[in-house]
Amino acid sequence: MTLNRYIIIVIFITLAFPVFSNKPHIVNIKREDYRAANKNWSIGEDERGFMYFGNDEGLLEFDGIEWNLNRLPNSLITRSVAVLSHNVIFTGSYEEFGRWDRDITGKLVYTSLSDNLDKALFRNDDFWKIWITSDYVYFQSFTSIYVYDYKTVKRISFDGGFLFLTKVRDEFLVQKMLGPLFRLKGFMMEKIEGSDIFSNTDVRVILPYKEKEYLIGTSTKGVYVYDGFSFREWNPALSAVMTSNELNCGLLSSKGTYFFGTILDGIYEVDKEGKVVDHISSNNYLQNNTVLSLFEDNLNNIWAALDKGIAYIQYIANMSCYTDPGGNTGAVYGAMLWNDKLFVGTNQGVFYLTRDNLTRSDALSEMTLVNGTQGQVWAMKVVDGKLYCCHNKGLKEIHKDLSVTDAFSIGTGVYNLSEAKIRDKDILLLSTYQSLRIIDKKTGEVFKPGQISEPIINAELDHMGNLWLEHFNRGAYRCQLTEDLSGFRSFSYYGGNNSDGLPYKMKLFKVGGRIVLLGDSKFYTYDDITNVIVPNKLLDDCFANIKHVRQVIPIKDNLFWALTSSSVYKFSYDGYEASILENYNLGMNLSLVNSYENVSILNDSTSLICLDNGFLLYRRNDGAETRLADNLMPPNIESVMTENGEKEVVYKDIFKENEIAYGYNTVTFKFSSSNTFASDLSFQYMLEGVDLDWSLPLKINNVSYARLPEGKYIFKVRTVDSLGNYSDTVSYEFKILSPWYLTVWAYLLYFIIIAIVLYIIWMLILRRYRNLHLQKIRQRETRRLRALAGELQNEVDQKNAELLTQTSFIIQKNELILRVRDIVDDFYTKNKASSLLPLYQKINALLNNNMNTEDDWKMFLIKFEEKHTGFFKKMKSLYPQLTNSDLRLCACLKLNLETKEIAALMNLSVRAVENSRYRLRKKLNLQPSQNLNEFFLTID
């Protein structure tokens with residue numbers, strides 16, 4: 001980058017900030033907070049305020065309290081996110097896109113929309129953009145655009161590929177890779193004339209501009225305006241900044257400014273003229289300068305997906321945040337606007353900043369130390385046009401030329417300085433490390449009342465002439481000064497374990513001339529009639545829902561700041577009425593200086609809130625005196641989980657089911673609310689029938705009730721803010737059913753069991769008297785049955801013998817005939833005499849007639865069926881494919897006959913029997929290791 005171009009950039013950034021730009025509060029969310037990968041690619045939000053982030057490890061979900069990581073199949077990176085509703089989210093990934101649907105448990109379940117597509121068309125490709133319209137969802141990769149109509153997916157292809165599909169108003173615009181721009185109309189591409197100027201660069205951002213124009217941001221050629229006919233560079237200085245830092249993403253905010261995220265230098269906020277309004281980077285608390293995506297939520301705050309972590313850029317009404325990530329200036333204790341400069345007192349000294357530099361985004365880096373003020377600064381005061389610094393080395397005066405001198409001769413550290421008038425004398429009250437010092441402004445004489453030699457941090461004079469002194473660590477004094485101001489005529493001590501029932505440590509401030517004391521978040525007032533300290537009911541009621549109020553700072557008239565450890569409240573109090581007007585939560589990564597919370601009043605409309613890492617600058621917006629709190633949205637019950645003693649879980653449909661089985665009587669309710677994170681909301685809950693009152697406000701999103709007894713219950717939950725305001729109540733009515741042993745059916749069962757037991761007893765009694773008679777009958781019957789069993793056994797043995805005899809006879813007969821045939825055949829073969837042929841034929845015919853196997857088989861099967869009744873019927877039902885030959889072989893195997901015996905019985909060769917056995921094994925689907933004979937032994 002040339003020197004001239006660098007000078008243009010520096011001048012542009014320096015002069016472009018308007019005086020009253022509202023600088024945001026930046027909240028850095030690290031991977032340790034959300035427990036996923038560093039890199040985040042995209043952002044979305046649903047109607048309930050849930051935030052979604054495309055992360056390297058999946059889809060991140062944030063309900064304002066709890067982070068959940070939803071992993072994609074194969075743990076793919078989530079590149080793009082688009083939210084249709086709380087129940088439907090679309091994501092794009094590597095070679096993958098799909099939808100997430102929320103089930104009854106409140107968890108997201110993924111369904112791929114690309115599984116059935118030809119992935120060769122987008123191999124090694126990511127889906128970078130998703131856009132939702134009323135009828136379609138568009139998924140864009142570098143090679144294709146897929147259109148999902150909630151039923152089917154269609155592909156739009158384009159030669160040369162796409163860069164980023166962008167929806168502007170109702171149009172879809174996309175750049176051909178390193179080429180011109182095109183409009184997507186239906187499934188067709190229409191080239192935008194004149195857009196060839198974007199060849200050889202990447203169009204990263206297309207945003208609406210004015211009513212009908214477009215802003216087009218590139219990675220290397222700057223930012224252009226397209227009016228529908230031609231392209232022109234928007235702002236050369238801005239283009240130089242965007243080019244040098246590589247523009248990557250952008251959005252048009254609801255307040256009309258543009259946010260541009262860069263690869264090298266964070267986020268730039270730009271007005272409609274192209275002038276930089278603010279620059280958010282690692283120099284002012286952004287944790288990483290590489291911005292991958294930007295999103296504006298429903299509270300008009302900005303979320304940034306970063307290369308390392310997530311940033312939440314919160315715009316607080318009336319507040320500008322100046323934070324010092326490096327802690328170079330130390331903790332801020334006080335400030336004063338004087339001589340067109342802002343002087344800030346810290347624990348390292350006094351720093352100053354010109355009014356012009358105050359408008360810079362990196363204002364704190366421009367702060368300059370006032371030499372001679374090094375050390376602890378407690379407060380800054382302007383008295384009679386002179387700037388005083390309350391320092392640990394005394395009271396110092398800072399002159400217009402920024403030289404520093406000691407003011408008066410104090411000889412000790414000074415905490416505070418205030419003006420007062422007593423007996424027509426204008427005096428200064430100095431609260432010092434050792435005691436009170438009183439300075440006559442006219443003569444410069446220093447008085448040191450000697451009775452109280454203790455560190456005093458604040459001093460105030462009330463309307464009765466009482467001088468009130470706030471001790472550095474404990475209690476407060478009420479004193480009466482002598483005429484010459486050299487001592488006290490009398491004094492009273494309050495608090496500090498003084499047996500008066502007041503808090504140990506108390507702060508004091510003045511309201512309309514009267515002193516009000518603050519201790520342990522309670523307010524007290526001095527009653528000059530009864531000469532006692534009494535509770536201030538008006539202020540106690542006003543701050544009833546605010547815990548740990550630590551300091552009250554007067555602004556003007558009846559307006560005050562009240563401070564807690566992490567919140568600031570603006571309230572009005574005139575002695576008769578008290579009300580909180582504004583509230584600001586400074587939690588997260590902003591914090592007040594512990595035990596020294598302070599607000600410096602710069603003028604009537606501007607206050608500086610001191611922080612331990614910078615300061616907040618409050619400016620009343622457009623003269624508005626109050627900032628009304630938004631109505632709190634009621635929470636949502638996300639899921640109802642029931643659990644039994646074995647940790648088995650059942651979820652209930654809260655819209656349909658309200659009965660819970662007694663065995664699942666441990667009930668967990670999960671709930672959420674919109675803007676929980678941004679608005680620092682908490683929840684209160686109660687279960688009617690168990691809890692007597694609402695719980696304390698808690699930052700939780702679920703609550704469990706274990707082992708609820710049977711009965712009807714109503715679970716209630718509501719949202720609560722830091723002021724104690726609460727939303728409408730959301731309820732879920734349900735019933736724990738009675739255990740099974742206490743139901744009507746159980747009682748009926750008990751009655752039946754008792755009746756059965758009585759009946760059994762009666763029957764046993766009757767049976768006792770019958771036993772003798774029955775025993776005799778049984779003995780006779782036993783003898784008869786034994787005889788019958790013997791007969792049956794003999795019959796079985798006889799049939800076994802018959803079957804065995806019949807089988808043996810057939811086998812022996814067939815074997816004999818076969819041997820005779822073999823002898824005849826052998827004889828005829830050797831003596832082939834023609835005279836023997838008739839004899840040979842007659843013998844063969846006779847042998848064949850006696851080999852009538854069918855008659856033998858009929859007799860065999862009759863005997864076999866008598867022995868094994870139903871065997872063939874069962875085999876046929878189990879294996880319908882068996883033939884008659886197969887069944888005969890089965891019967892032989894059932895009798896455990898050997899292969900040779902089977903061959904003789906069936907008049908087959910041994911090889912033929914082996915083949916039949918092989919075919920039978922296949923039909924019976926037997927394993928090779930299973931024995932065929934043993935198989936048939938198991939068949940009854």
Side-chain angles (χ1 to χ4, degrees), residues 21-36 38-40 42-45 49-53 55 60-68 251 253 255 259 261 266-269 278-327 361-364 564-568 583-592 609 611-618 672-682 699 701 721-722:
S21 62
N22 189 18
K23 300 189 181 303
H25 168 209
I26 301 169
V27 181
N28 288 312
I29 304 172
K30 301 180 180 180
R31 65 175 301 178
E32 293 80 11
D33 301 318
Y34 56 76
R35 300 182 303 280
N38 264 328
K39 189 170 293 186
N40 297 278
S42 51
I43 311 171
E45 182 185 27
F50 280 45
M51 299 300 302
Y52 303 89
F53 301 88
N55 183 270
L60 272 175
E61 178 186 11
F62 182 46
D63 65 0
I65 292 178
E66 183 181 28
W67 291 88
N68 288 313
L251 63 83
S253 70
K255 61 181 180 179
F259 286 81
I267 302 168
Y268 288 84
E269 183 182 4
D278 199 3
H279 177 207
I280 302 169
S281 68
S282 57
N283 291 331
N284 53 8
Y285 226 89
L286 193 67
Q287 64 180 326
N288 181 254
N289 279 336
T290 300
V291 183
L292 302 179
S293 181
L294 293 170
F295 183 85
E296 184 177 32
D297 65 17
N298 58 16
L299 292 181
N300 305 326
N301 297 311
I302 306 298
W303 292 83
L306 306 178
D307 191 59
K308 291 183 179 179
I310 298 169
Y312 179 59
I313 303 168
Q314 181 182 22
Y315 287 87
I316 306 174
N318 304 327
M319 291 281 190
S320 287
C321 302
Y322 296 83
T323 53
D324 178 16
S361 59
D362 56 348
L364 293 187
T564 68
S565 60
S566 61
S567 299
V568 178
N583 69 289
Y584 303 91
N585 181 270
L586 308 182
M588 296 169 282
N589 65 335
L590 289 181
S591 59
L592 299 165
I609 300 166
L611 305 175
D612 63 3
N613 60 347
F615 57 86
L616 296 180
L617 202 59
Y618 168 89
S672 67
S673 182
S674 299
N675 312 319
T676 303
F677 178 71
S679 303
D680 190 38
L681 301 180
S682 302
K699 291 185 181 299
N701 64 355
D721 65 14
S722 57

Query raised in the report: Within a strict 4.5 Å, meaning less than it, do heavy atoms of the I302 and P24 side chains meet?
Result: no
**Report entry** Euclidean distance, E296 CD relative to K255 NZ, rounded to 0.5 Å
**Finding:** 8.5 Å
Query - S673 side chain vs T676 backbone, donor-acceptor pair below 3.5 Å - result: no
Query - Set of ring-ring contact (aromatic ring centres under 6.0 Å, His included) partners for F53, sequence neighbours left out - result: W67, W303
Report task. Please report the shortest heavy-atom distance between N298 and N675, naming the atom on each side. Result -> OD1-OD1, 2.9 Å
Query raised in the report: Can L592 and D612 be said to form a side chain to side chain contact (heavy atoms under 4.5 Å, CB included), step by step?
Result: CA-CA 6 Å; L592 299 165; D612 63 3; over 6 Å; no
Query raised in the report: With a 4.5 Å limit on heavy-atom distance, are the side chains of N318 and Y584 in contact?
Result: yes
Query raised in the report: Do N40 side-chain atoms and N38 backbone N/O form a donor-acceptor pair below 3.5 Å?
Result: yes
Query raised in the report: Hey, does L299 have a side-chain heavy atom less than 4.5 Å from the side chain of S679?
Result: yes
Query raised in the report: Given the rule in the side-chain hydrogen bond (donor to acceptor under 3.5 Å, both in side chains) test, do S282 and N289 qualify, once you have shown the distances and angles that lead to the verdict?
Result: CA-CA 6 Å; S282 57; N289 279 336; 3.0 Å; yes
Query raised in the report: So, the side chain of S281 versus the backbone of N283: is there a donor-acceptor pair under 3.5 Å, distance only?
Result: yes
Requested in this report: Please tell me if the side chains of Y618 and V568 come closer than 4.5 Å, counting only heavy atoms from C-beta onward.
Outcome: no
Report task. State the CG-CG distance between L306 and L292, to the nearest 0.5 angstrom. Result -> 7.0 Å
Query raised in the report: Between the main-chain N or O of S42 and the side-chain N or O of S293, is there a donor-acceptor pair closer than 3.5 Å?
Result: no
**Report entry** Shortest non-hydrogen contact between L294 and A304, atoms and distance
**Finding:** CD2-CB, 3.8 Å
Query raised in the report: Just by distance, do the side chain of N28 and the backbone of Y285 share a donor-acceptor pair under 3.5 Å?
Result: yes
Report task. Could I get the full list of side-chain contact (heavy atoms from CB on, under 4.5 Å) partners for D680, not counting sequence neighbours? Result -> N585, K699
Report summary line: E45 and D297 have their tightest heavy-atom pair at OE1-CA, 3.2 Å
Requested in this report: Report yes if some heavy atom in the side chain of I313 is under 4.5 Å from a heavy atom in the side chain of I280; otherwise report no.
Outcome: yes
Report task. Quick one: pull up CG in N55 and CD in E61 and give me the separation to the nearest 0.5 Å. Result -> 13.5 Å
**Report entry** Under the side-chain contact (heavy atoms from CB on, under 4.5 Å) test, residues paired with N701 that sit two or more places apart
**Finding:** D63, I65, E66, K670
**Report entry** Modelled atom types, side-chain donor and acceptor of N301 and Y312, under 3.5 Å
**Finding:** yes
Report task. Write down the atom of A311, the atom of L286, and the distance for their closest heavy-atom approach. Result -> CB-CD1, 3.5 Å
Query raised in the report: Of all heavy-atom pairs between L616 and C321, which one has the smallest distance, and what is that distance?
Result: CD2-SG, 3.2 Å
Report task. Report the distance from atom CZ of R35 to atom CG of N68, rounding to the nearest 0.5 Å. Result -> 7.5 Å
Report summary line: Between the NE2 atom in H25 and the OH atom in Y315, the distance rounded to the nearest 0.5 Å is 12.5 Å
Query raised in the report: Got a second to check how far F50's CZ is from F62's CZ, nearest 0.5 Å?
Result: 10.0 Å
Requested in this report: For residues F677 and M51, determine if any side-chain heavy atom of one lies less than 4.5 Å from a side-chain heavy atom of the other.
Outcome: no
Query raised in the report: Of the non-hydrogen atoms in A678 and Q314, which two are nearest, and what is the gap between them?
Result: O-NE2, 3.1 Å
